[in-house]
Amino acid sequence: MIQPYTEILSEILIPADVLQKRIAELGAEISADYAGEELLLICILKGGVMFLTDLVRHITVPTAFDFMAVSSYGVGARESTGQVRIEMDLRISIADRHVILVEDIVDTGHTIAAVLEMLETRKPKSLKVCSLLDKSERRETVAPIHYRGFEIPNKFVFGYGLDLDEYWRNLPFIGVVKT
Ligand code: IMP
């Protein structure tokens, strides 16, 4: 049986209305920066899905999107190691296109650093990162974030795309897990 989220939640870190307001701001910022251009958003599954679908509704330039899934592997089950394997690749070419990677959270930074390195070899016209959350205290490598939703403390969070054993991605807010 899956525990009700109310038993796992210690506090709501970012309420739904605050999330939505910030996402609208990010969409407006991106729209202004890419005025006159076409844009390709790449969502890293599964955590970035909620963010992507809300974000694109606030982007006013011609925008396409595609998905990729990656997994970290190497020593240590829980920690990201910098070794990233593509589980599901893009269906379209990014060559000569303006690309923004859409992520739920940048933690150690290993995932985004590895994905950026991989995508750079495909010669996009430009490649930037948009992450809803930034747990910068935990950073272990250089991971540029061009569009950042919220800086958050070093706490394990869930909801709004982020899961706890695959559940509760559907919550409209970001919550902190009870320790
Ligand atoms: P990084 O490679 O350490 O930056 O890890 C990024 C990935 O770790 C994210 O895309 C998430 O899937 C996962 N992650 C990191 N912190 C959290 C958290 O607080 N809650 C849920 N997932 C997290």
Side-chain angles (χ1 to χ4, degrees), residues 2-16 18-19 22-23 26 40-56 65-90 94 99-121 127-179:
I2 302 299
Q3 267 183 307
Y5 78 82
T6 45
E7 288 177 15
I8 314 159
L9 179 74
S10 75
E11 58 168 317
I12 292 180
L13 187 66
I14 311 172
V18 177
L19 274 176
R22 182 71 189 120
I23 292 166
L26 287 171
L40 172 62
L41 300 189
I42 295 178
C43 174
I44 303 181
L45 294 173
K46 302 172 193 170
V49 165
M50 311 298 239
F51 181 36
L52 172 88
T53 56
D54 282 336
L55 180 67
V56 286
F65 52 81
D66 200 8
F67 300 90
M68 69 188 297
V70 299
S71 64
S72 307
Y73 63 100
V75 283
R78 172 77 201 288
E79 299 291 303
S80 186
T81 59
Q83 308 263 41
V84 168
R85 180 175 44 217
I86 300 182
E87 300 281 353
M88 189 190 93
D89 206 343
L90 300 170
I94 65 166
V99 175
I100 300 180
L101 261 182
V102 177
E103 255 282 41
D104 51 354
I105 185 166
V106 178
D107 186 27
T108 64
H110 289 306
T111 304
I112 208 77
V115 171
L116 282 174
E117 197 182 314
M118 204 150 55
L119 294 181
E120 282 291 5
T121 65
L127 180 56
K128 294 199 171 170
V129 174
C130 177
S131 182
L132 180 65
L133 308 176
D134 181 5
K135 228 192 257 182
S136 63
E137 222 181 290
R138 294 247 311 155
R139 202 73 88 251
E140 292 174 3
T141 187
V142 177
I145 303 178
H146 307 91
Y147 301 98
R148 173 191 290 101
F150 301 87
E151 169 77 42
I152 64 164
N154 184 11
K155 292 177 174 175
F156 201 78
V157 293
F158 72 115
Y160 196 72
L162 296 118
D163 72 307
L164 274 182
D165 298 328
E166 291 298 327
Y167 285 87
W168 305 122
R169 295 185 196 274
N170 54 311
L171 296 174
F173 55 80
I174 301 282
V176 176
V177 179
K178 255 185 205 163
T179 47

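When a ligand or atom number is given, it counts from 1 through the structure's own listing order.
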Closest to atom 6 (C) of ligand 1 (heavy atoms only, candidates T141, I105, L45) is I105
Using a strict 4.0 Å cut-off to heavy atoms of [X], name the atoms of ligand 1 that fall inside it.
X: E103; value: 10 (O)
X: T111; value: 1 (P), 2 (O), 5 (O), 6 (C)
X: K155; value: 19 (O)

Find out whether D54 and Y160 are in side-chain contact, i.e. whether some heavy atom of one side chain is under 4.5 Å from a heavy atom of the other. yes
Looking at ligand 1, does [X] have a heavy atom less than 4.0 Å from it?
X: R139; answer: no
X: I112; answer: no
X: G109; answer: yes

side-chain contact (heavy atoms from CB on, under 4.5 Å) with N154: which residues, sequence neighbours excluded? K135, E137, R138
Looking only at distances, can you tell me whether any N or O atom of F156, backbone or side chain, sits closer than 3.5 Å to an N or O atom of ligand 1? no
May I ask you to check if ligand 1 and T108 share an N or O to N or O distance below 3.5 Å? yes
Are any side-chain N or O atoms of R148 and backbone N or O atoms of C130, one a donor and one an acceptor, separated by less than 3.5 Å? no
Has the side chain of R139 got a donor or acceptor atom that lies under 3.5 Å from a matching backbone atom of G109? no
Could you go step by step and tell me if V56 and V102 meet the side-chain contact (heavy atoms from CB on, under 4.5 Å) rule? CA-CA 11 Å; V56 286; V102 177; over 6 Å; no
Greater than 12 external heavy atoms within 6.0 Å of E117's CD: no
When you look for heavy atoms under 4.0 Å from ligand 1, do you find them on the side chain of [X], its backbone, both, or neither?
X: I44; value: neither
X: R138; value: neither
X: L162; value: side chain

Non-neighbouring partners of Q3 that pass side chain to side chain donor-acceptor pair (under 3.5 Å), sequence neighbours left out: E7
Show, in sequence, the C-alpha distance, side-chain angles and deciding distance for D104 and K46, and conclude whether the salt bridge (Lys or Arg N to Asp or Glu O under 4.0 Å) test is met. CA-CA 9 Å; D104 51 354; K46 302 172 193 170; over 6 Å; no
